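Numbering of ligands and ligand atoms starts at 1, following listing order. Owing to the predicted nature of the structure, the values given are computational and were not obtained by experimental measurement. The basis for the numbers below is simple: all heavy atoms, side chains too, and nothing from hydrogens, waters or symmetry mates.
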Amino acid sequence: MFVRSQITFFQRFEQDILNGSKTITIRDRSESHYQPQSIVDVFTNETQRWFAQIRILSVTPITFAQLNSQHAAQENMTLAQLQTVIREIYPNETALFVIQYELIK
Ligand SMILES: CC(=O)Nc1ccn([C@@H]2O[C@H](CO)[C@@H](O)[C@H]2O)c(=O)n1
């Protein structure tokens, strides 16, 4: 059976994803399964509303301590903002994954 791949983002990131200023997301192991070159439907976390399709470019392991200002720039944030956001979502996780994607227009 063919199952379409899906991912959710908090609604507050929708505009940055759609305008191309947010090109990575950082997730834990439970979301590290996305295959490079696969196409994924994107929904809001809050209401499960579809708002985009993305193509996965790469999935790369990273630790919290390795996050740097380049990752933050790819999130359209400062490094301090990114560290705060990740600690809110994943309070104790050290093994994270950078998922790089491009918006399908
Ligand atoms: C179900 C679930 O975990 N949803 C998530 C998890 C993460 N993120 C964002 O990805 C970046 C790095 O974590 C930051 O911009 C986060 O806010 C998100 O939008 N939605």
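Both the backbone and the side chain of F9 come within 4.0 Å of ligand 1, counting heavy atoms alone.
Closest to atom 1 (C) of ligand 1, if we only count protein heavy atoms, is N45 ND2, 3.4 Å. Residue, atom and distance of the protein heavy atom nearest to atom 9 (C) of ligand 1 are T25 OG1, 3.7 Å. Among protein heavy atoms, atom 16 (C) of ligand 1 sits closest to I89 CD1, 3.5 Å. Nearest protein heavy-atom contact of atom 19 (O) of ligand 1 is F10 N, 3.0 Å.
Distance CD1/I56 to CD/Q100: 10.0 Å, rounded to 0.5 Å. The line from CD1 of I26 to CG of D28 is 12.0 Å long, rounded to the nearest 0.5 Å. Between atom CD1 of residue I24 and atom CD1 of residue I17 there is a gap of 11.5 Å, rounded to the nearest 0.5 Å.
Scanning all heavy atoms of the two residues, the minimum distance from Q6 to F43 falls at CD-CE1, 3.6 Å. Looking at every heavy atom in both residues, L79 comes nearest to S69 through CD2-N, 4.1 Å.
Judged by distance alone, the side chain of E93 and the main-chain N or O of A95 form a donor-acceptor pair under 3.5 Å. Put simply, the side chain of T63 gets close to the backbone of Q66: a donor and an acceptor are under 3.5 Å apart.
Taking a cut-off of under 4.0 Å to the non-hydrogen atoms of Y90, the atoms of ligand 1 that pass are 3 (O), 6 (C). Within ligand 1, the atoms closer than 4.0 Å to a non-hydrogen atom of M77 are 15 (O), numbered from 1 in the order shown. Those atoms of ligand 1 that come under 4.0 Å of a heavy atom in T8, given as number and element, are 1 (C), 4 (N), 20 (N). Near V85, the atoms of ligand 1 lying under 4.0 angstrom from a non-hydrogen atom of the residue are 14 (C), 16 (C), 17 (O).
Cation-pi contact between R87 and F64: present, with separation from the ring centre below 6.0 Å and deviation from the ring axis of at most 45°. Y34 does not carry R29 over the face of its six-membered ring by the limits of under 6.0 Å from the centre and within 45° of the normal.
The closest heavy-atom contact to atom 6 (C) of ligand 1, among the options K22, R27, E14, comes from R27.
For ligand 1, one of its N or O atoms has an N or O atom of I26 under 3.5 Å away. In terms of polar-atom proximity, F13 is not counted as a contact of ligand 1, lacking any N or O under 3.5 Å from an N or O of the ligand. Any N or O atom pair closer than 3.5 Å counts here, and R12 shares no such pair with ligand 1.
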